[in-house]
Participant: 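Below are the structure tokens for one structure; questions will follow.
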Amino acid sequence: MKSKSEKSQKSVAGMFFAGCGEYIKKKYPYLIIFFVGFCVISFVNFCKVSTTESVASFVLEDFEIGQISDRTIIADKDLPADDFNPVYIQKGEKVLKKGFPVTEENYEKLKKMSSSPVYLDKRSYANSELFLLIIGILWYLLLSFISKGKKIKVREVVFQTILYCIIFSTAALCGKFSFFNSTYSICIIIPGTLAVVLISILYGQLPAIIFSFTVSLGVLGACGWELVPFLFTLLTSLSACAVVRKVETRIDMIFVSIMLAISNMVFLIVMGVVFNETLGSLGIIYFGVAMNGFLSGLLTLGLITPLEIVLNTSSIFRLMDLSDLNNTFMKNMLVQASGTYQHSMMVAQLAENGCREIGANALVARVGAYYHDIGKIDQSEYFVENQKGTNKHDEINPSLSASIIRSHVKKGVEKAHQLHLPPVVINIISEHHGNSVIRYFYAEAVKENPNANPADYSYMGTPPTSRESAVVMLADSVEAACRTLENKSIHSLETRINAIFQGKIDEKQLDYCNLTFSDLAKIRQAFVQILAGYYHSRIEYPDEPKIESRQESGTETKAEKSDSKTETKTKEKTEKHTRVSKSEKTEKNENKPDK
């Protein structure tokens, strides 16, 4: 009979393997990408460690016995003596020195190096592979850490893996050529800045920073553990993240290119000073690294548009393009559903200011608000903001009305996919009503059938999962509700907005968006300020005198009250009514007793 300890060990082992199986089932695309990327890097590493004639750092025909060498050639592996060429070469040996004549012994060593078969230093290769494996695991764990805050797409991981392979291959193989065989000249050809700028614009700062650290470690292994290429790649990559952070338009990339060129050159000068290098000997290298930074910015301009289309990302450039209201779709929306268009403009203004107050992405919220109701275009006459006197819902039952109203979310998502809108905008469209109940038609249905199911009169979406989506939901509800207020004073607006916010909390629509009560207070205040300005409401200050007569009499007359009310009336009042009010004020002032 098995003991309890054996059973418990088996159960723990079973749980462990079951958990591993479940994890692999969920993450298998990322694991496959990781494995394929590691295989590619391993192959490049093999080519680096095992030097072949096709990637030799020199051509034997360039040298003759007795000529003055124009370069320094260092042996990158041990080559034992043999019967054909009894010369022994030690790894790290300077076979040729720049400025010295080529001797017969030097020439024989060059001949042996150029004609040697593929040779693999197994220990060196194993060390490099282990280091690369550690970097890969670190990168995978850091990406998993990011995915807790947002869902990482497979395309993003594929894109970063491709960039990593390109940078590693460049650093490993280009160092075999004579011009790039020094620790400083190799910095010219490493495209780390370009890769980081692309990732930062397409996916944000945090993925770019993580990529900067991991790719710098990769360059360290690719360049034979030299500190200069590692530090240069790390510093220039992090500075690129900082420079690109404030970019808003494409023209800004010209200034980014100049800043990258300057920073690259400054970092190389500093490293030359730190490592006691003669600054004059690095003159052409300074120009090379400056061009590296400048071309990185220019190439970004050319690559960003096709990458945005292929990867379907929400970069700031694409969002700025989508925020242009002169595009064909928004013009059609203005014609076919003018009320919805005006509603979307107001929601965008509210959402943008609300997000700015809490530090969320205001541009994402604005673009999401522009497109959040695009599903209403096909049946615009069924939505109150587009109706002109006749309400089509009076002719149909509440169930059908609710079905039409909630279908605009599904149609909006379908149109968004047809327009190839980025995922963050599509999420706002699908989440801006959550799964809340359509209260009006549910109340109408309850009058006919007290047992009506609330699920039949609820939206079929999910509650907001991002702060931007939640702010758009609140702005949408607030704009629609406050438009119907008869008295649009500050107090009335605050009361209605507070009720809407509390209703969303009670309905659990804000449980998954990471908004705090402090954030809600800031959003509420931003909404009140915007709506108060829009409806021309005026904040009354306690010590502010209203008119000069109050200073004279010390009391507020009925005429002053009438005048105060007149100031808050809407612009729809006719001039006739205004003249009547003024005449009433004059008569009351005439009957006012002297002090």
Participant: Any chance NZ of K410 has more than 12 other-residue heavy atoms, nucleotides or ligands included, within less than 6.0 Å?
Facilitator: no

Participant: Identify whether the distance between the nearest side-chain nitrogen and carboxylate oxygen of D321 and R250 falls below 4.0 Å.
Facilitator: yes

Participant: For the atom pair NZ (K411) and CD1 (I404), what is the distance rounded to the nearest 0.5 Å?
Facilitator: 8.0 Å

Participant: Working note: I254 + I251, criterion side chain to side chain contact (heavy atoms under 4.5 Å, CB included); need CA distance, chi angles, decisive distance, verdict.
Facilitator: CA-CA 6 Å; I254 303 299; I251 194 64; 4.1 Å; yes

Participant: Under 3.5 Å, is there a donor-acceptor pair between the S466 and N427 side chains?
Facilitator: no

Participant: Looking only at the aromatic ring of each residue, does the gap between the centers of W139 and Y164 stay below 6.0 angstrom?
Facilitator: yes

Participant: Compare all side-chain heavy atoms of L325 with those of K331 and state whether any distance is below 4.5 angstrom.
Facilitator: no

Participant: Can you name the closest pair of heavy atoms from M473 and H433 and give their distance?
Facilitator: CE-C, 3.6 Å

Participant: Using modelled atom types and a 3.5 Å cut-off, is there a donor and acceptor pairing between side-chain atoms of S338 and backbone atoms of V335?
Facilitator: no

Participant: Taking the side chain as every heavy atom from C-beta outward, state whether I523 and L515 have any atom pair closer than 4.5 Å.
Facilitator: yes

Participant: Would you find more than 12 non-hydrogen atoms of other residues, nucleotides or ligands less than 6.0 Å from E248 atom CD?
Facilitator: no

Participant: So for atom CE, which belongs to M345, do other residues, nucleotides or ligands contribute more than 12 heavy atoms lying within a distance under 6.0 Å?
Facilitator: yes

Participant: Is there a donor-acceptor contact under 3.5 Å from the side chain of N327 to the main chain of M330?
Facilitator: yes

Participant: Could you go through Y203 and L311, starting from their C-alpha distance and side-chain angles, then the distance that decides it, and tell me whether this counts as side chain to side chain contact (heavy atoms under 4.5 Å, CB included)?
Facilitator: CA-CA 10 Å; Y203 295 108; L311 301 175; 3.4 Å; yes

Participant: Give the C-alpha distance, both sets of side-chain angles, the deciding distance and a yes or no for side-chain hydrogen bond (donor to acceptor under 3.5 Å, both in side chains) between E308 and T313.
Facilitator: CA-CA 5 Å; E308 286 173 339; T313 61; 5.4 Å; no

Participant: Measuring only between side-chain heavy atoms, which start at C-beta, is V244 closer than 4.5 Å to V247?
Facilitator: yes

Participant: Taking R467 for its side chain and I358 for its backbone only, find out whether a donor-acceptor pair lies under 3.5 Å.
Facilitator: yes

Participant: Can you check side-chain hydrogen bond (donor to acceptor under 3.5 Å, both in side chains) on S200 and Q205, steps first, answer last?
Facilitator: CA-CA 5 Å; S200 182; Q205 298 293 309; 2.8 Å; yes

Participant: Would you list the pairs meeting side chain to side chain donor-acceptor pair (under 3.5 Å) in which at least one residue belongs to residues 496-509, sequence neighbours left out?
Facilitator: N435-Q509, R439-E507, S477-K504, N498-R524, Q502-D506

Participant: Could you check whether atom CZ of F34 has more than 12 heavy atoms from other residues, nucleotides or ligands sitting under 6.0 Å from it?
Facilitator: yes

Participant: Closest heavy-atom contact between F527 and G354?
Facilitator: CE1-CA, 4.4 Å

Participant: Checking N449 side chain against A445 main chain: does a donor-acceptor pair fall under 3.5 Å?
Facilitator: no

Participant: Restricting to pairs with a member in residues 331-381, which pass ring-ring contact (aromatic ring centres under 6.0 Å, His included), not counting sequence neighbours?
Facilitator: H343-H372, H372-H432

Participant: Begin from the C-alpha positions of Y440 and H393 and carry the test ring-ring contact (aromatic ring centres under 6.0 Å, His included) through to its verdict.
Facilitator: CA-CA 11 Å; Y440 179 82; H393 292 286; 8.3 Å; no

Participant: Where do S469 and P464 come nearest, in terms of heavy atoms and distance?
Facilitator: OG-CB, 3.6 Å

Participant: Checking R406 side chain against M460 main chain: does a donor-acceptor pair fall under 3.5 Å?
Facilitator: no

Participant: Less than 4.5 Å apart, side chain to side chain, heavy atoms only: is that true for E385 and R483?
Facilitator: yes

Participant: Is a side-chain N or O of N386 found less than 3.5 angstrom from the main chain of S380, in a donor-acceptor match?
Facilitator: yes

Participant: For the atom pair CG (N312) and CG (L202), what is the distance rounded to the nearest 0.5 Å?
Facilitator: 11.0 Å

Participant: Rounded to the nearest 0.5 Å, what separates atom CD in Q529 from atom CG in L493?
Facilitator: 12.0 Å

Participant: Minimum heavy-atom separation for K488 and C482, please, with both atom names.
Facilitator: CE-O, 3.6 Å

Participant: Is atom OH of Y140 surrounded by more than 12 heavy atoms (other residues, nucleotides or ligands) closer than 6.0 Å?
Facilitator: yes

Participant: Looking at S403 and S399, would you say the former's side chain and the latter's main chain have a donor-acceptor pair under 3.5 Å?
Facilitator: no

Participant: Evaluate the criterion side chain to side chain contact (heavy atoms under 4.5 Å, CB included) for residue pair S237 and F213; output intermediate values, then yes/no.
Facilitator: CA-CA 8 Å; S237 299; F213 280 101; over 6 Å; no

Participant: Between P398 and Y442, is any pair of side-chain heavy atoms under 4.5 Å apart?
Facilitator: no

Participant: Could you walk me through whether K392 and Q379 satisfy the side-chain hydrogen bond (donor to acceptor under 3.5 Å, both in side chains) test, starting with their C-alpha distance in whole Å, then the side-chain angles of each, then the deciding distance to 0.1 Å, before giving a yes or no?
Facilitator: CA-CA 11 Å; K392 289 204 170 190; Q379 295 178 306; over 6 Å; no

Participant: Between D373 and S344, what is the shortest heavy-atom contact and its length?
Facilitator: CB-OG, 4.3 Å

Participant: How long is the gap from CD on E156 to CD1 on I199, to the nearest 0.5 Å?
Facilitator: 8.0 Å

Participant: Going by heavy atoms in the side chains, are E468 and E352 under 4.5 Å from each other?
Facilitator: no

Participant: Any side-chain heavy atom of L322 within less than 4.5 Å of one from P422?
Facilitator: yes

Participant: Would you indicate whether the side-chain heavy atoms of V478 and L531 approach each other to under 4.5 Å?
Facilitator: yes

Participant: Working note: S492 + T495, criterion side-chain hydrogen bond (donor to acceptor under 3.5 Å, both in side chains); need CA distance, chi angles, decisive distance, verdict.
Facilitator: CA-CA 5 Å; S492 298; T495 302; over 6 Å; no

Participant: Could you give me the CA-CA distance, side-chain angles and deciding distance for N453 and D456, then say whether side chain to side chain contact (heavy atoms under 4.5 Å, CB included) is met?
Facilitator: CA-CA 6 Å; N453 186 3; D456 296 334; 3.5 Å; yes

Participant: Is D252 salt-bridged to K246, going by a charged N under 4.0 Å from an acidic O?
Facilitator: no

Participant: To the nearest 0.5 Å, what is the distance between CG (L400) and CZ (F441)?
Facilitator: 9.5 Å

Participant: When rounded to the nearest 0.5 angstrom, what is the spacing between CZ in F159 and CG in L198?
Facilitator: 5.0 Å

Participant: If you take all heavy atoms of Y382 and I405, which pair is closest and at what distance?
Facilitator: O-CD1, 3.8 Å

